[in-house]
Trainee: 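I'd like to ask you about the structure that follows.
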There are 2 protein chains.
Amino acid sequence: MARQGARAGTGTHTGRVPVTLAQIARQAGVHVSTVSRALSTDEDVRGGVATETATLIRTLAEELGYQRDPAGAALRTGRSRMLGVLVPRLTDIVLATVYEGIDAAAAAAGYHTVVANTSDDPQLQRRRADALLARRVDGLVLGDARSDSDLVAELARQRIPLVLVSRRLPGRVSVTTDDLLGGRLAGEHLLDLGHERVAVVAGEPYASTGAERTQGFLDAFAEAGLPVPESHVVSSPFDVPGGRAAAEHLLSLRPRPTAIFAVNDFAAIGVMAAVRDAGLLVGRDVAVVGYNDVPLAAALPVPLTSVSSPMYRMGELAATTLVNMLNGKPGRSRRLRPTLVARASTLAGGPLDTDGTGGTGGTGGTNGTNG
Amino acid sequence: MARQGARAGTGTHTGRVPVTLAQIARQAGVHVSTVSRALSTDEDVRGGVATETATLIRTLAEELGYQRDPAGAALRTGRSRMLGVLVPRLTDIVLATVYEGIDAAAAAAGYHTVVANTSDDPQLQRRRADALLARRVDGLVLGDARSDSDLVAELARQRIPLVLVSRRLPGRVSVTTDDLLGGRLAGEHLLDLGHERVAVVAGEPYASTGAERTQGFLDAFAEAGLPVPESHVVSSPFDVPGGRAAAEHLLSLRPRPTAIFAVNDFAAIGVMAAVRDAGLLVGRDVAVVGYNDVPLAAALPVPLTSVSSPMYRMGELAATTLVNMLNGKPGRSRRLRPTLVARASTLAGGPLDTDGTGGTGGTGGTNGTNG
DNA sequence: AGCCTCGTCGCAATCGATTGCGAAGGGATG
DNA sequence: CATCCCTTCGCAATCGATTGCGACGAGGCT
């Protein structure tokens, strides 16, 4: 029965007592239900209380430093005002950036978020989703949707409000970049530079991102009358070692491709390493294009040409979309427009870089604010 | 009054009805209080119910797919089983890794975590902390403690259980690496290589990490009879542009330093860029040492010598420490031991690297699991 | 003047879990 | 055989917020 008194925020006054609706009601000389209504954000509800009474209650609440108890509210309403977020890995700066956007937009709408890593592992995805649901989140933002898993379908069948982000899935509400277009931009860029023998590091087949970026790229070359043979398209993990291994294979082909498109910047960094190891020069002997334009891309010794995608904005939109759905509005998928940022990895010897060494770019943030 | 039925997890059976303690009690023919006790994790409490009854109830709960409603439990007990985490930025891979450790350990102890970015901004720190407290988190893990702010003191005065991670503050429970030792390791490494004129990119003065790493480094050189002049120690942001700007200044000094220690890997990457821009070769003309040994350090064109710190483990320990404190045990600070990983950025021309170009290392994960 | 309507607000139930207290029962002991 | 103790479990209060319903009073309308 011993309950420690609720703690007040760092902000305002108040001493020890847990300030509840009843406290305010007593001081205002009204019933708690009136206080509840006066403090509600719902317009219709607050309309039920006289303006004068409402302002009195609100100033009183302010003075006492009242903060609604989420547990009480959640118990009564059945909604927790918490959103669950699933990502492959938070140490991946792409998803970390998306998550920052999600959290910012959610906070602006009065929601908190709880995030969990799934390592792109179907079993972990299920476990983490269940854990989030056990926490009674009001909805889910999934950043790790796999086309070879039925987890999303199951969740949808349970009528759990959810929005996909970064990756798409047919028939689901999602917020992504237009990966087909992004891949096409990469292809057209290389076509403009005169490349005819190109290869693709295509990422994991279960991720729509890799698949669609690859498809868009292939479309561009096919339409130009230079179809890319299947042997020049290899899948790989979305990381440095993955890109490196894939590129080692591609560079062993004869005739050797003059350009490689990697569907992810980290894989592209691995590609660049493999190019160097083969005794070739990135940008002159082999052009490299990445995807996402992470801050590091511009800071590399040979700055990386990359398709820039609005990651933070994607997160924001995903969160607001989900919140709208929770408010009864229908969810609508969005595809954001990517742009290509050309740098030395495709332009060495060209207008932007004449000596092939590159310099370190350096406008990029690549931040490390820790210590 | 219309409450949507609680949703069951993806896992087990159950149909529509929200399965509560009352449900189970009815089916088991006992009172809800008995069910509550039988399902409690607290040994003393569960002892109060007969083993036979307990197992019956537990299997029944399992079959029905019962999941405790966090709101109800939180309302009654006053504890939410949620931990708040504050970090400067989640897009910083160092703190992201620490956070992954925190979350994993918290989950293992039955806690969820809620994380928020503060951008190292004192105002944001306060706002985010208040928001977390309003969510009634049971305790706080702070990864962004500033020596020039009294936020931590205020929180402590309010008797809010908290543990610092990554950065220390005098008199507070913290889990960090031994940054004095880490700085010393960097210094001794350069001394071993015969360097006599060195410089330090010291990070932000308000962060204990930068300050102590710098101090340890300076101690090593002072004890060797080669004190580093104050002009060779400059503070800077913990990011690439910050390190770059600081290094540009340091490289303009005459005589030029032969080695630069940056208290953070990202700053070190900026240093390397400045060295290249000055027409010098990293590792031969100027040695560079970083700190944290992020996966990228090994994957750079010139692999970066860095002081490796157990970031994930630090997070784990911080979380378990906080959970212990919540269980009444006294909190004890921990300082984990860092190790130095020597690579080409200090060894070019030496045993590990003979041509100065480095190759791209490549065992490092530098993962990007997204798409 | 009487009746109806609308604006305000109080009443009380309700959400789900926890826990101090007390009661009932069985077994052990004097 | 009576008493006491211990084990096991039920009772009911409680946490804080929300909300349908009903009551009351003032004002307007006929």
Side-chain angles (χ1 to χ4, degrees), chain A residues 1-8 17-26 28-57 61 64 66-81 110 134-136, chain B residues 1-8 17-26 28-57 61 64 66-81 110 134-136:
Chain A
M1 192 85 355
R3 285 179 53 120
Q4 72 244 43
R7 301 178 289 263
V17 286
V19 37
T20 71
L21 284 190
Q23 293 270 328
I24 301 176
R26 210 172 309 136
V30 296
H31 196 266
V32 298
S33 65
T34 305
V35 180
S36 174
R37 277 187 269 256
L39 260 31
S40 170
T41 55
D42 188 339
E43 289 297 338
D44 316 347
V45 173
R46 196 175 46 216
V49 50
T51 318
E52 193 179 0
T53 316
T55 54
L56 165 66
I57 290 175
L64 295 176
Y66 171 77
Q67 292 186 134
R68 167 190 291 106
D69 185 328
L75 182 59
R76 183 57 177 83
T77 65
R79 292 178 309 121
S80 63
R81 296 191 82 78
R135 266 287 159 188
R136 302 290 198 270
Chain B
M1 193 91 342
R3 287 181 49 124
Q4 71 244 42
R7 302 176 290 262
V17 285
V19 37
T20 71
L21 285 190
Q23 293 270 328
I24 300 176
R26 211 171 308 139
V30 296
H31 196 264
V32 297
S33 64
T34 305
V35 180
S36 173
R37 278 186 269 256
L39 261 30
S40 170
T41 55
D42 188 340
E43 289 296 337
D44 318 346
V45 175
R46 196 174 47 213
V49 50
T51 318
E52 193 179 0
T53 316
T55 54
L56 165 66
I57 290 175
L64 296 176
Y66 170 76
Q67 291 186 135
R68 167 189 291 107
D69 185 329
L75 181 59
R76 184 56 177 81
T77 64
R79 292 178 308 120
S80 63
R81 296 190 82 77
R135 265 288 160 187
R136 303 289 200 270

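Source: prediction; values computed, not measured. Residue numbers begin at 1 in each chain, while the letters A, B, ... track the order of the sequences.
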Trainee: Nearest-Å distance, CG (B:Asp69) to C1' (C:dT14)?
Mentor: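 Between C1' of C:dT14 and CG of B:Asp69: 13 Å.
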Trainee: Under the side chain to side chain contact (heavy atoms under 4.5 Å, CB included) rule, collect the residues that match up with A:Ala61, sequence neighbours excluded.
Mentor: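 Applying side chain to side chain contact (heavy atoms under 4.5 Å, CB included) to A:Ala61 gives A:Ile24, A:Leu39, A:Tyr66.
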Trainee: Can you tell me how far P of D:dC11 sits from CG of B:Leu21, to the nearest Å?
Mentor: 15 Å
Trainee: Compare the minimum distances between each of D:dA17, C:dG16, C:dT18 and the side chain of A:Arg68, then state the nucleotide with the smallest one.
Mentor: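 Within the option list, the nearest is D:dA17.
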Trainee: Can you tell which of D:dT18, C:dG16, D:dC9 lies closest to the side chain of B:Ala50?
Mentor: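 Within the option list, the nearest is D:dC9.
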Trainee: First locate atom CZ of B:Arg76, then atom CG of A:Leu75, and finally report the distance between them rounded to the nearest 0.5 Å.
Mentor: 12.5 Å
Trainee: Measuring only between side-chain heavy atoms, which start at C-beta, is B:Thr20 closer than 4.5 Å to B:Asp69?
Mentor: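 With C-beta onward as the side chain, the pair stays apart.
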Trainee: Give me the bend of the helix from C:dA1-D:dT30 to C:dG30-D:dC1, using the axes of the five pairs at each end, rounded to 10°.
Mentor: 50°
Trainee: Assess whether one donor atom and one acceptor atom, taken from the side chain of A:Arg37 and the base of C:dG10, lie less than 3.5 Å apart.
Mentor: yes
Trainee: List in chain and number order the residues that pass side chain to side chain contact (heavy atoms under 4.5 Å, CB included) with B:Ala134, two or more places apart in sequence or in another chain; answer none if no residue qualifies.
Mentor: A:Gln67
Trainee: Any sub-3.5 Å donor-acceptor pair from B:Arg81's side-chain atoms to B:Gly110's backbone N or O?
Mentor: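 Here the side-chain-to-backbone pair exists.
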Trainee: Separation of A:Leu56 atom CG from C:dT8 atom P, in whole Å?
Mentor: 15 Å
Trainee: Give a yes or no on whether the backbone of A:Thr51 and the side-chain of A:Thr55 come within a donor-acceptor separation of less than 3.5 Å.
Mentor: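 Flag set: sc A:Thr55 to bb A:Thr51 pair under 3.5 Å.
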Trainee: On DNA chain D, does the nearest nucleotide to B:Gly72 precede the nearest nucleotide to B:Thr51 from the 5' side, or the other way round? Give the residue.
Mentor: B:Thr51
Trainee: Send over the distance from B:Leu75 CG to C:dT18 P, rounded to a whole Å.
Mentor: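 Between P of C:dT18 and CG of B:Leu75: 11 Å.
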Trainee: Among C:dA17, C:dG10, D:dA17, find the nucleotide with the atom closest to the side chain of B:Ala73.
Mentor: C:dA17
Trainee: Side chain of A:Ser33, base of C:dC11: donor and acceptor closer than 3.5 Å?
Mentor: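 Result: at least one qualifying N/O pair found.
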Trainee: Please report, rounded to the nearest Å, how far the C1' atom of D:dG16 is from the CD1 atom of A:Ile24.
Mentor: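 Atom CD1 in A:Ile24 sits about 12 Å away from atom C1' in D:dG16.
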Trainee: Find the distance B:Arg76:CZ to C:dT18:P and express it as a whole number of Å.
Mentor: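 Between P of C:dT18 and CZ of B:Arg76: 9 Å.
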Trainee: So, does B:Ser36 use its side chain to make a donor-acceptor pair with the main chain of B:Val32 at under 3.5 Å?
Mentor: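 Here the side-chain-to-backbone pair does not exist.
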Trainee: Do any side-chain nitrogens or oxygens of A:His31 fall under 4.0 Å of OP1 or OP2 in C:dC9?
Mentor: no
Trainee: Any base atoms under 4.0 Å from B:Val30, or only sugar-phosphate, or nothing? Heavy atoms, all strands.
Mentor: sugar-phosphate
Trainee: Picking from C:dA12, D:dG16, D:dT18, which would you name as closest to the side chain of A:Thr77?
Mentor: D:dT18
Trainee: To the nearest angstrom, how far is A:Arg136 atom CZ from C:dG16 atom P?
Mentor: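 About 9 Å, once rounded to whole Å.
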Trainee: Calculate the interatomic distance between B:Arg79 atom CZ and C:dA17 atom C1'; express it in whole Å.
Mentor: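 From B:Arg79 CZ to C:dA17 C1': 13 Å.
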Trainee: Is a side-chain N or O of A:Ser80 found less than 3.5 angstrom from the main chain of A:Arg136, in a donor-acceptor match?
Mentor: yes
Trainee: Considering just the side-chain nitrogens and oxygens of A:Thr20, establish if one lies under 4.0 Å of OP1 or OP2 belonging to D:dG16.
Mentor: no
